[in-house]
Amino acid sequence: MRSRAIAIVVIALAAISASAQDTKTEKEIKGLRAEIVAAIKEKNKKFLDSRLADGFTHTHASGKVDDKQARVTMLISDSQTIDALEPEAISIKAFGKDLAVAQGRTRTKEASPKTYQWTVVYQKANGIWRIVLSHASPVVE
């Protein structure tokens, strides 16, 4: 009976620890997202280069795939991008201490706004979160 009680306590503590890690990761990812929005507005190519991982890819709604260089160039151009907009909804899930996935929905601010559902994968290496890949698809309304 005592070993069963100890096992329950250990499982509960592990769950609390995992939840705390998820909260920490969520805050870190939200912080990185805010820094990326600022970098896009400031056209800070150096920062964006440092936060997109080598081998990064972004898949557009059209199916076109950008590599890191093409994506950074697009982000600092004057084209509108959902990356610089506040999402209507976002969910961040941590997978261990160094992998996270964000999924969200963002509406553009054009004369004829469009809504996109998107996914971004983040990996932490050497204490720094970087975007590994992203994808956006239009929501049919």
Side-chain angles (χ1 to χ4, degrees), residues 2-141:
R2 182 170 183 219
S3 62
R4 187 175 195 194
I6 291 172
I8 292 171
V9 169
V10 168
I11 290 169
L13 290 175
I16 291 168
S17 175
S19 177
Q21 180 61 44
D22 288 354
T23 302
K24 179 182 178 205
T25 298
E26 185 175 339
K27 286 179 184 176
E28 290 175 350
I29 296 301
K30 285 183 177 180
L32 173 59
R33 290 181 53 79
E35 290 176 320
I36 288 172
V37 168
I40 291 169
K41 289 178 181 175
E42 297 164 4
K43 300 186 184 302
N44 185 340
K45 181 181 184 307
K46 184 177 179 181
F47 180 82
L48 294 169
D49 264 337
S50 74
R51 292 307 184 265
L52 271 62
D54 294 336
F56 164 87
T57 59
H58 173 77
T59 305
H60 292 266
S62 66
K64 178 184 173 212
V65 178
D66 285 347
D67 63 9
K68 177 179 176 175
Q69 182 180 16
R71 190 66 177 167
V72 169
T73 298
M74 195 279 306
L75 290 173
I76 62 173
S77 74
D78 288 328
S79 354
Q80 185 181 35
T81 171
I82 62 171
D83 301 88
L85 300 173
E86 186 67 32
E88 293 177 345
I90 186 170
S91 169
I92 300 170
K93 296 176 185 147
F95 298 91
K97 294 180 182 180
D98 60 359
L99 187 66
V101 175
Q103 293 178 299
R105 183 180 279 245
T106 301
R107 188 165 180 82
T108 63
K109 295 182 179 183
E110 303 163 318
S112 298
K114 297 176 186 158
T115 302
Y116 290 88
Q117 182 72 31
W118 49 264
T119 303
V120 180
V121 178
Y122 301 87
Q123 183 180 31
K124 192 175 196 178
N126 300 320
I128 298 172
W129 284 103
R130 290 185 177 79
I131 299 174
V132 177
L133 66 87
S134 59
H135 175 269
S137 295
V139 174
V140 179
E141 298 180 44

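Side chains included, hydrogens not; waters and symmetry mates left out as well; all remaining heavy atoms used.
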Seminar exercise, completed: salt bridge (charged side-chain N to carboxylate O under 4.0 Å, His left out) filter on R71, not counting sequence neighbours, yields D83
For this session: Examine the side chains of S134 and W118 and answer whether a donor and an acceptor come within less than 3.5 Å of each other.
Result: no
Exercise. Which is it for L99 and T25 under the side chain to side chain contact (heavy atoms under 4.5 Å, CB included) test, yes or no, and what are the steps along the way?
Worked result: CA-CA 9 Å; L99 187 66; T25 298; over 6 Å; no
Shortest non-hydrogen contact from [X] toward [Y]:
X    : Y    : value
Y116 : A136 : CD2-CB, 4.5 Å
A61  : S137 : CB-CA, 4.1 Å
K43  : S77  : NZ-O, 3.4 Å

Exercise. Checking side-chain contact (heavy atoms from CB on, under 4.5 Å) against I76, which of I40, L48, N44 comes through?
Worked result: L48
Exercise. Tell me, do D54 and R130 make a side-chain contact under 4.5 Å, heavy atoms counted?
Worked result: no
For this session: Report yes if the side chains of R107 and P113 come closer than 4.5 Å at any heavy-atom pair, otherwise no.
Result: yes
Seminar exercise, completed: The complete set of ring pair (Phe, Tyr, Trp, His ring centres under 6.0 Å) pairs with one or both residues in residues 39-92, sequence neighbours excluded, reads H58-H60
Exercise. Hey, is the main chain of G104 close enough, under 3.5 Å, to the side chain of Q117 for a donor-acceptor pair?
Worked result: yes
Exercise. Quick check: does any side chain N or O of K68 sit under 3.5 Å from a backbone N or O of D49, one acting as donor and the other as acceptor?
Worked result: yes
Exercise. Passes side chain to side chain contact (heavy atoms under 4.5 Å, CB included), I29 versus V120? Steps please.
Worked result: CA-CA 10 Å; I29 296 301; V120 180; over 6 Å; no
Problem set entry | Test side chain to side chain contact (heavy atoms under 4.5 Å, CB included) applied to R51 and I128, step by step | CA-CA 8 Å; R51 292 307 184 265; I128 298 172; 3.7 Å; yes
